[in-house]
Structures are given as C-alpha cells and as structure tokens.
Amino acid sequence: MMKKRFEPYMYMAPAVLIIAFIIIFPLIYTLYISFASKLIGREITSFGFFNYAKVFSEGRFFSSFGKSLFFTVISVFMKFVIGLALALILNRSFRGRGLVKGYFFLPWCIPWFTTAILFLWMFRFSGGVNTMLTRAGLSPVFWLSERLALVTGIFANIWKGFPFFMISFLAGLQAIPKELYEAAKVDGAGPFQQFLHVTLPGLRNVILITCTLSTLWTFGLFDLLYVMTRGGPGDASKVLPILVYETGIRQYEFGKAAAMAVLTLPVVLLLVFVLVRLTRREA
Amino acid sequence: MRRLLALGLIIVAFGLTTWGQPLEIWIRSVYYPPFNEWLKSKILEWSEQTGVEVDVSIISDYLLDEKLINAIETRVTPDIIFNAESGVTLALEAGLAVPLEDVVDRLGRDDFYPLALQAYALTDPETGQKLVYAIPMFFEFGYWYIRTDLLKAAGMEIPEQPTWEWLVEAAKAMNNPPEVYGLGIPISPSYDALNVLSFLLYHYGGGFITELAPGGADIFNTEPTWRLFEDLKQLYKDKIIPPDAVSWTDFDNNLSYMEGRIATTWNPGSIMGAMLKQNHPLVPYTKMIAIPPISLGGECVFVFKSTPEREAKCKDLVYYIFADKETYRVKSADEAGLYGVPIFKSQGAIISQKYEAGEFPFLGSDPMVPIARGEAFFGTNVPYPYGEATSVFEAAASSFQITAMMGPLFIKDADPKQVAQDISLWLNARLAARGS
C-alpha cells in the first residue's frame with residue numbers, strides 16, 4: 001500500500017531533482033554570493049551586506065532599473081496593441097491570409113543577435129533609415145543618440161516581439177464561439193461594442209499570459225541593446241541586464257552583480273506569481 | 001572500505017575520461033576573420049600530424065569573455081585559448097595558468113621583441129618570480145588613418161614625424177561637416193575609444209595608474225586629464241568629431257571611414273585589411289601613420305593547468321603555430337593590411353624591408369620602429385607606463401565603463417574636472433575591491 005502511494009513520486013523524482021538543481025541551486029547560490037566578498041577563481045573572504053551597500057550608494061542600479069522599466073512597459077504595450085490589431089485583421093478570411101500571417105510572423109523567427117545587427121545597420125547615422133530620409137529631402141536623425149537610443153531599442157524590440165502577441169491572440173480569437181457574436185448582434189451591439197464585450201473578455205486569459213511572459217522576457221533582455229549600443233551613449237541605454245553583465249563579467253565583481261540580480265528578484269517573482277495564478281485560473 | 005573503493009574507482013574513471021578527452025581549444029574571433037580561419041587550419045594540421053585529438057571553437061569576443069570567466073570560476077577550463085584579450089591575469093591569480101618560458105626558448109628568446117615578452121611577464125604569486133604566462137599573438141597595431149586626397153586639397157602633407165597636434169590641425173583643415181568630419185575618433189563605450197583615450201592620456205602626460213602607487217588611480221584625476229577632456233569637448237562642440245561618435249560601437253568608425261564620412265580615424269589594420277580585400281576605392285587615398293605611444297591590442301595565447309601531458313601538448317601546439325614564422329607573418333600582417341605586426345624581430349625586419357621597398361603603399365611610416373623602441377602599450381590590460389598586465393586594469397578597461405563615463409562631457413556639456421573625478425572614484429573603488 002505504502003509502496004503504491006509513493007510510486008508516482010518515485011517516477012517524478014528524477015525530473016524534479018534535475019529541475020530543482022537547474023532552477024533552485026543557481027538561485028540560492030546567487031543569494032549566497034550576493035553577501036560575499038568574492039574574487040573570480042578565488043575563495044570567499046568575508047560575508048556581509050557590503051555588496052548591497054555599494055549598490056545602494058552608487059545610484060547606477062536605480063537609474064538602470066528605471067530604464068529597464070521604461071523599456072519593458074513601452075515595449076510590451078506597443079507589442080500588445082500591434083499584435084491585437086493584426087490578430088483582428090487576420091481573424092477575418094481574405095485571399096492570401098496564410099501568406100500575410102507567415103510574413104508578419106517572420107521577425108519572431110530571427111535570432112536576437114541578428115535583429116540587433118540589422119537594426120544597428122539601419123539606424124546608425126549613415127544607415128539605411130537616414131539614407132532614405134535624406135533622399136526624401138528630410139534631415140537625418142541621430143537615432144542612437146542619448147535621447148533616442150533607448151527608444152530605437154524599443155522599436156527593435158517591438159518589431160521582433162509583436163508576432164508572438166499576434167499569433168497568441170489569433171489562436172485566442174479563433175477559440176471564441178461565433179454564437180457569442182451572433183447573440184451580441186441580436187442585442188444590437190455594434191462592432192466596437194462586440195469588441196469590448198465579447199472579444200476582449202474572451203481573450204482575457206491569453207492577454208494576461210502573453211503580457212506577463214513578454215514582460216518577463218523583455219525585462220531580462222540583454223543581447224539587443226548590448227549589441228546595438230553597449231548601453232551608451234554614456235549610460236543612456238544601460239538597462240539592468242547590461243549593468244549586471246558588466247559588473248559581474250566585465251568588472252569581475254560577482255558579489256555586486258549578484259546583489260543587483262537579487263534586488264530585481266521581487267519584481268520578477270511578482271510577475272511569475274501573476275503568471276502562475278492566471279494559468280491556474282485558466283486550467 | 002567500500003566507500004574508499006568507490007571513490008578510487010570514480011577518480012580512476014575521471015582520470016581516464018580526462019586522459020582520453022580531446023584538447024579543448026578556444027579561439028577568440030579577431031576583427032580580421034581570415035586570421036581565425038588560418039589559425040584553426042593550423043591547429044587541425046598539427047592535430048593530424050601529431051595524432052592529438054582537438055576540439056576547436058571560434059568564439060565571438062563578448063561570448064568568450066563570459067565563457068572564460070565562468071571557466072575560471074568553476075575551474076572547468078579549456079586547455080588553451082588563442083587571441084584572448086583578457087583572462088590571463090585572472091587565470092594566474094586563480095593558480096590556473098602555466099608559464100610558457102620553455103616555448104619562448106624553443107622559438108628563440110632573442111628573436112622576440114622585448115615588448116612581446118614584457119607584456120605578460122607576470123609575477124608568480126607563490127615564488128615571486130617573473131615568468132612569461134602568455135605570448136602575444138601579434139602586435140595589433142593602432143594606426144591613424146588619413147585621407148591623403150582631402151589632405152592635399154587642404155594644402156597639407158604628412159610630415160616626417162607626425163604628432164597628435166599635427167593630426168588635429170590636419171583634421172580641422174579637412175573638416176567639412178556634415179559631408180566629412182575631420183577627426184573620426186570613437187568617444188563611446190568601445191575598445192577603440194579606450195585605446196584612443198589611453199593614447200591621448202599618455203600623450204598629454206597623464207595616465208591611469210602610477211608605478212609608484214599601483215593600488216591607486218591617483219594620477220587620473222590630474223591636470224593632463226582635465227586638459228585632454230577640455231580639448232576633446234571643444235573638438236566635439238566644433239563638430240570636428242562627428243556627433244554620432246558618442247554612439248559608435250567598434251566597427252562604426254571602420255564603416256564611417258570606408259563610407260568617406262570621416263577624414264581620419266584610429267584603428268588597427270582591419271580597415272585596410274577589409275579595403276584591400278574589397279579593392280575599395282579609398283585604398284589609393286589612404287595612409288596609415290604611427291604616432292607614439294602606439295596602442296596595441298592584447299591578443300595572446302595562454303595555457304591552462306591540467307595534466308603535465310596535456311600541458312606539454314598545448315605548449316607544442318603554441319610552438320607549432322609560431323614556428324613557421326614566415327607563414328605566420330604573411331597571414332597576420334602581409335595579407336591582413338598589417339592588422340597584426342609580428343612579435344619576432346626576424347619577421348619585423350622583413351616588414352621594414354618591404355616598407356622601404358614600397359610594398360605597403362598605404363603605410364605612412366615603418367610600424368616596426370616604435371615597436372623596436374618600446375614606444376607602445378597594450379591598451380586593454382597593461383596600464384602604461386606601469387608595464388605589467390593586471391586584472392584590476394583589465395576589469396576597469398574591458399567594462400567600457402571609463403569611456404561610458406566620459407559620455408557626459410559630450411552629451412551633457414559636463415565639467416571636465418567633475419568627469420575626471422567621477423572616473424577616478426570609480427577606478428579607485430575597483431582597485432580597492434581587488435585588494436591591490
């Protein structure tokens with residue numbers, strides 16, 4: 001009897017152990033290192049709150065945190081709007097719909113590094129976009145300037161990320177029963193009211209899950225801005241992942257980088273919590 | 001007893017697996033790609049001749065840094081790294097680096113330019129002895145590129161011994177924004193910007209770290225730095241330096257030069273290497289000149305500790321790569337627009353002869369002269385004139401933070417003294433953190 005009760009757990013044990021090792025061990029190790037004075041390749045010499053004190057006193061962390069938030073909120077919002085609009089269009093049947101769907105999905109298939117190089121080439125001062133502007137008789141724009149570098153990064157992020165929203169929303173739209181629209185029509189609802197009272201509630205869970213996942217990915221995005229701007233000019237586009245990378249990998253300060261990562265953990269955990277709750281409710 | 005037996009078996013099994021493993025070789029991808037390929041083909045050739053199995057990976061520079069740090073931290077390292085620009089000092093501090101003195105002797109110690117052996121002659125933390133722990137792959141020579149057609153149009157000529165002051169005058173004379181900017185120097189978070197900053201700082205009589213106080217950056221926040229920052233700021237304000245130079249990554253100045261947007265720039269020979277390969281129309285109108293002290297790239301090869309047999313194989317491989325000095329020179333220098341000038345005097349002499357014979361029409365001066373005189377420094381890890389690679393300076397330099405912190409000078413019109421002070425404080429904090 002006892003053996004039977006434990007049998008399912010025994011089957012699950014290897015997978016659980018591997019996942020625990022992959023997820024929990026680095027998390028605990030990061031927490032541990034964040035309190036340590038540690039040089040790369042050498043033993044820990046002391047423990048304390050000094051890494052956190054340094055992070056708080058330097059102010060660079062909060063500046064990067066703000067940039068990360070700005071980058072994430074604007075990117076996710078725009079991806080949501082564009083993704084939803086395209087999903088609504090593609091939900092109708094028209095000739096060549098499959099082709100258009102495939103065309104809009106293309107950016108999602110391109111690796112981050114390639115996207116970054118592509119946008120860097122297009123948006124550098126003498127790149128493709130400014131060439132087009134000058135040929136059209138307009139003044140070139142300094143897209144990677146202190147004021148615009150982060151915005152250009154957001155633009156690249158939207159371009160790469162909106163197909164994920166589009167495809168998820170399209171799947172969600174196709175799952176909404178047609179009868180609901182017919183009932184709304186009978187009740188005298190116009191297209192906008194149908195969108196407001198049938199489409200949006202029908203997509204509620206898909207929207208929340210897509211937005212939460214995208215927020216997590218965007219907040220942790222490193223490659224795009226690092227390749228495009230290396231966090232510059234100055235520190236203008238130094239989002240949190242770049243700051244943590246530079247501190248840990250380039251400046252060899254593991255402890256401080258770990259403290260920064262730990263300080264962002266509450267935000268990430270909050271998002272994971274929301275995601276888990278939503279997934280559970282949907283199930 | 002059973003436990004001991006199990007432990008013994010594990011150790012034997014581990015030993016056997018390590019013994020049977022191919023040599024793990026990492027190549028950091030340099031900015032002249034054919035050299036990476038040549039290096040890989042030489043390694044495979046050596047593998048075929050000796051029967052030693054190898055596992056070779058060419059890795060991009062920023063990925064390699066990450067992998068290297070992880071390798072040193074976890075002590076699960078490759079056997080050997082070629083073209084590494086950082087890591088040798090960290091490996092040494094972690095007790096993971098192997099001295100290469102015997103390879104130097106095998107290649108002929110006297111044939112090395114002293115600079116090649118000084119750069120990585122590091123102090124063994126246990127014995128206090130200075131030993132060569134890495135060999136530069138070549139001298140990645142920092143040239144000033146000048147458009148001779150624009151210079152001629154401005155009524156100027158390259159003097160016998162060009163100086164920074166002359167270059168600025170020439171840049172002003174050639175300046176014609178927005179079509180052509182006179183001085184195409186990167187002032188952004190990038191390697192090239194750090195090299196230019198180092199060159200200028202030393203030229204202005206300043207520096208990062210003094211030999212008298214290697215633990216402090218107390219010579220950075222001084223008058224030469226303030227003067228330099230003031231001058232750079234003015235050049236930027238006057239649009240001699242292009243406005244987008246604050247956002248340049250390492251290849252933007254290359255492209256800007258090749259597009260004809262800038263009349264001068266600083267770069268290793270990779271621009272010329274690319275232009276020669278493309279038969280670029282600017283080749284006949286470009287001269288590369290040397291203004292000492294020359295900033296050199298720190299690409300080197302070093303070996304990680306493993307077993308004596310594996311270490312010996314790695315050393316043999318290092319020897320094999322350099323032994324055919326003629327081919328080595330041709331691949332790194334002659335065919336590469338002098339991207340990497342040789343570390344051997346015998347080969348340097350051939351470059352000088354070829355220069356004299358006019359075989360490098362794009363050269364404005366003989367690059368081997370400042371090398372022979374020792375008027376050069378390794379920009380990314382050796383603080384000049386302190387002279388020894390340190391992990392502290394490497395960490396400070398390779399993060400691009402110094403040049404990122406220069407940003408406010410140009411984009412916020414910040415006070416040079418304030419910017420110098422901020423950088424100095426940051427540099428000192430890094431030095432203190434390393435406990436040097």
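These values consider heavy atoms only, across backbone and side chains, with no hydrogens, waters or symmetry-generated copies. This structure is a prediction, so every number in the text was calculated from the model and none was measured. Proteins get letters first, then strands, A, B, ... in listed order; numbering begins at 1 in each.
Of all heavy-atom pairs spanning A:Y252 and B:G87, the tightest one is OH-N, 4.4 Å. Residues A:P233 and B:I411 come closest through the heavy atom pair O-CD1, 3.9 Å. Scanning all heavy atoms of the two residues, the minimum distance from B:P243 to A:F142 falls at O-CE2, 3.4 Å. Here the closest non-hydrogen pair linking A:G232 and B:P189 is CA-CG, 4.0 Å. Across all non-hydrogen atoms, the minimal contact from A:F254 to B:E73 is CE2-CG, 3.5 Å.
For a residue to count as touching a neighbouring chain, one of its non-hydrogen atoms must lie under 4.5 Å from one of that chain's; by this rule A:E43 does not touch chain B. In this structure, chain A has no heavy atom under 4.5 Å from any part of B:W248. Of the atoms belonging to B:L255, heavy atoms from both backbone and side chain fall under 4.5 Å from chain A. Residue A:F50 does not touch chain B at all, counting heavy-atom pairs closer than 4.5 Å. Within the 4.5 angstrom heavy-atom criterion, no atom of B:F410 approaches chain A. Interface remark: A:S145 contributes no atoms to any contact with chain B (heavy atom separation under 4.5 Å). At a 4.5 Å heavy-atom cutoff, B:T74 makes no contact with chain A through either its backbone or its side chain. Both the backbone and the side chain of B:E66 come within contact range of chain A, with heavy atoms under 4.5 Å apart.
Between the CD atom in B:E93 and the CD1 atom in A:I40 there is a gap of 9.5 Å [rounded to 0.5 Å]. The line from OG1 of B:T249 to CD1 of A:I117 is 7.5 Å long, rounded to the nearest 0.5 Å. Within the model, atoms CH2 of B:W426 and CZ of A:R60 stand 8.0 Å from one another, a figure rounded to the nearest 0.5 Å. The CG atom of B:L90 sits 9.0 Å away from the CG atom of A:L39 when rounded to the nearest 0.5 Å. Taking CZ from B:R261 and CZ from A:R124, the interatomic distance works out to 7.0 Å, rounded to the nearest 0.5 Å.
The most heavy-atom pairs under 4.5 Å with chain B, out of A:K256, A:R147, A:E146, come from A:E146. Per-residue counts of heavy-atom pairs under 4.5 Å with chain A were compared for B:I69, B:D244, B:L96; the largest is that of B:D244. Your options are B:S256, B:A91, B:A404, and the one with the most heavy-atom pairs under 4.5 Å with chain A is B:A404.
Environment of OH in A:Y29: crowded, with over 12 heavy atoms of neighbouring residues, nucleotides or ligands closer than 6.0 Å. No more than 12 heavy atoms of other residues, nucleotides or ligands shown are found within 6.0 angstrom of CZ on A:F77.
Counting heavy atoms from C-beta on, the side chains of A:F113 and B:L63 never come closer than 4.5 Å. Here the side chains of B:P178 and A:F125 are not in contact, with every heavy-atom distance at 4.5 Å or above. A 4.5 Å side-chain heavy-atom check between A:R230 and B:S188 finds every atom pair outside the cut-off.
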- Task: Would you please test A:L120 and B:F251 for side-chain contact (heavy atoms from CB on, under 4.5 Å) and show each step?
- Result: CA-CA 11 Å; A:L120 180 57; B:F251 67 82; 3.4 Å; yes
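We find that B:D65 and A:R250 are joined by a salt bridge, their nearest charged nitrogen and carboxylate oxygen being less than 4.0 Å apart.
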